[in-house]
Participant: 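My questions will all concern the structure given below.
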Protein chains: 2
Amino acid sequence: MLCAAINRSQTVSHQVSCNDCSLSPICLPLAVAPAQLDQLDRIIHRGRPLKRGEHLFRATDGFSSVYAVRSGALKTYVVSDEGEEQVTGFYLPGEVLGMDGISTAHHVSNAKALETATVCEIPFAQLETLSQQIPSLQHHFFRLMSNEIRSDRELHMLLGKKNADDRVASLLLSLSARHQRRGLSDNIFRLPMSRYDIANYLGMAVETVSRIFTRFQQQQWLRVDGREIEILDRGSLCGQNHDPAMELLL
Amino acid sequence: MLCAAINRSQTVSHQVSCNDCSLSPICLPLAVAPAQLDQLDRIIHRGRPLKRGEHLFRATDGFSSVYAVRSGALKTYVVSDEGEEQVTGFYLPGEVLGMDGISTAHHVSNAKALETATVCEIPFAQLETLSQQIPSLQHHFFRLMSNEIRSDRELHMLLGKKNADDRVASLLLSLSARHQRRGLSDNIFRLPMSRYDIANYLGMAVETVSRIFTRFQQQQWLRVDGREIEILDRGSLCGQNHDPAMELLL
DNA sequence: CGGCTGATTGATTGTGCTCAATCAGTGTGG
DNA sequence: CCACACTGATTGAGCACAATCAATCAGCCG
């Protein structure tokens, strides 16, 4: 009895509406007119926080919802036939994950909290129904999925054509941009993921990531303190994607 | 005058309706009830065939449509800052391309015909409107995009964790499966793309692809004659994705 | 015929992986 | 409180896989 009461009160405390959420301008609500926002609000479930290492969903789970990150960070990963893990994405506040499961009735990836995280669960069937009524929501969701595809294309380029240095630089710049989007500093931030996750995501060995971090630091492009990152020379880091100007200087 | 007449008659001859198209069961029409099929049919443009090497769209073009392949084959590719091409996908009859441009108002990749190809152009704005009226069409399009994301995840695994042999084997098996889906032989087929495109797509050098084809042939897993492929030992080819049973035999 | 593209094969090189050791930080149990 | 184990990160040494360089060959077309 007591337990149930506590759970209920906890649940209530998590029931922040989209109206009160600071992420509204970059999250799903941006596609919905204020007058219709409560319709979206009503279908969203806001569960208890996930602890570091806890799963939001697993590849074997039936698919029923997509999720928007409210706080913290998560990674998604798939497991190969041989049991190898492949990290397929990192998700920060305001970002939506789980869209790869729509076509298969079950999730295809696993989602695990990298640190304490809260998410908004959006039942997909209800989202589809709502999208029938709110054209801008349908449009936004098409865009959201298209964006996922687009960034996968960029990643394909990264893994196929770029060397280890470029890959690390690109990830750092991506994280930086995503921080800025939330109104946070784009130069100083904390990595939510381990070196292992970074290496795995970028298709390289942990040792290589470590070496590159120290090298970037020696070159004064970066200040690294564990997971704390400060970008000192953004230009060089960008140009790490092989600046054509560099070639002229040789 | 004569020319115009010829063009018109050509145009007419391309105006096959979805009803008459043999790809209906695996293409967009599968999501639409027969009674509503003509609504979909009316928004689709069926252009003249593309010749080998011709572009369907370029990254700089404004985005307005997605495209379904009716015959032939196309590749999509992006170009990096340094001008390097990265092939991001191959598209066979019944498959839809161009969905990466939805979120950006312009295409992000280029689409080029690998051989003579015909495509159905589907204006996206009209498709969105129609999706508002036909829930199953909206649902199917969500699934279509989700599928694209899902196969990108698998590709991520392939590029991040698998060696050159695995990558080539995977591509061959994927092409085989997609042929079977169309009711064609899954063991004998013709590669629509060059060794260069295969290498580029899989993030390796042409020479490596060539060597692997000859090795697979020596092992009697494959019969290769230029672009003609016959799969002789599907099991070994699958197991090339590192069969756990192999380890037990060592 | 010569020029061209696409594919194959050989020889060499190099980037990044593997193995291995060390170290710092953290939590655990005696 | 300290010894211990454990995890995450860093650094070094050697090696392997695949890239690169280079040459050859087949098919095709002007």
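Keep in mind that what you see is a predicted model, and the values were worked out from it rather than measured. Throughout, a chain's letter reflects where its sequence line sits, starting with A, and its residues are numbered from 1.
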Participant: Which nucleotide wins on minimum distance to the side chain of A:Ala205, given the candidates C:dT18, C:dA7, D:dA22?
Facilitator: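 For the A:Ala205 side chain, the nearest candidate turns out to be C:dT18.
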
Participant: Would you mind reading off the distance between B:Glu207 atom CD and C:dT8 atom P, rounded to a whole angstrom?
Facilitator: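 So the two atoms are 11 Å apart, to the nearest Å.
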
Participant: Please determine whether a side-chain nitrogen of the Lys or Arg among A:Asp100 and B:Arg150 lies less than 4.0 Å from a carboxylate oxygen of the Asp or Glu.
Facilitator: no

Participant: Please report, rounded to the nearest Å, how far the C1' atom of D:dA9 is from the CD1 atom of A:Ile229.
Facilitator: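 The distance from CD1 of A:Ile229 to C1' of D:dA9 comes to 13 Å, rounded to the nearest Å.
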
Participant: Can a salt bridge be assigned to the pair A:Glu148 and B:Arg153 using a cut-off of 4.0 Å between side-chain N and carboxylate O?
Facilitator: yes

Participant: If you compare every side-chain N and O of A:Thr208 against the phosphate oxygens of C:dG16 (OP1, OP2), does one of them come in below 4.0 Å?
Facilitator: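 No, because none of the side-chain N or O atoms of A:Thr208 sits under 4.0 Å from OP1 or OP2 of C:dG16.
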
Participant: In whole Å, I'd like the distance from the CZ atom of A:Phe216 to the P atom of D:dT10.
Facilitator: 13 Å

Participant: Would you kindly give the CZ-to-P distance between A:Arg215 and C:dG16, to the nearest whole Å?
Facilitator: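 After rounding, the gap between these two atoms is 9 Å.
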
Participant: Rounding to a whole Å, what distance do you find between A:Glu84:CD and C:dC17:P?
Facilitator: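 Rounded to whole Å, this separation is 13 Å.
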
Participant: Using 4.0 Å as the upper bound for N to carboxylate O, is an ion pair formed by A:Lys162 and B:Glu82?
Facilitator: yes

Participant: Atom CG of A:Asp225 and atom C1' of D:dG8: how far apart are they, to the nearest Å?
Facilitator: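 Rounded to whole Å, this separation is 14 Å.
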
Participant: In whole angstrom, give the distance that lies between atom CG of B:Asp197 and atom C1' of C:dG6.
Facilitator: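 Those two atoms, CG and C1', are 11 Å apart.
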
Participant: Verify the contact: side-chain N or O of B:Arg211 to OP1 or OP2 of D:dA18, cut-off strictly under 4.0 Å; return yes or no.
Facilitator: no

Participant: Starting at OH of A:Tyr196 and ending at P of C:dC17, how long is that distance when rounded to a whole Å?
Facilitator: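 Value for this atom pair: 13 Å.
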
Participant: Is the phosphate of C:dT9 approached by B:Thr214 (side-chain N or O, under 4.0 Å from OP1 or OP2)?
Facilitator: yes

Participant: Would you classify B:Ser194 as touching base, sugar-phosphate or nothing, given that sugar-phosphate means primed atoms plus P, OP1 and OP2, and contacts are heavy atoms under 4.0 Å?
Facilitator: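 Contact class for B:Ser194: sugar-phosphate only.
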
Participant: From the options C:dC17, C:dA7, D:dT20, select the nucleotide whose nearest atom is closest to the side chain of A:Met204.
Facilitator: C:dC17

Participant: Any chance CZ of A:Arg52 has more than 12 other-residue heavy atoms, nucleotides or ligands included, within less than 6.0 Å?
Facilitator: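 For A:Arg52, atom CZ is not crowded (no more than 12 foreign heavy atoms under 6.0 Å).
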
Participant: Please determine whether a side-chain nitrogen or oxygen atom of B:Arg227 lies at a distance below 4.0 Å from atom OP1 or OP2 of C:dA7.
Facilitator: yes

Participant: Salt bridge or not for A:Arg215 and A:Asp165, using N-O below 4.0 Å?
Facilitator: yes

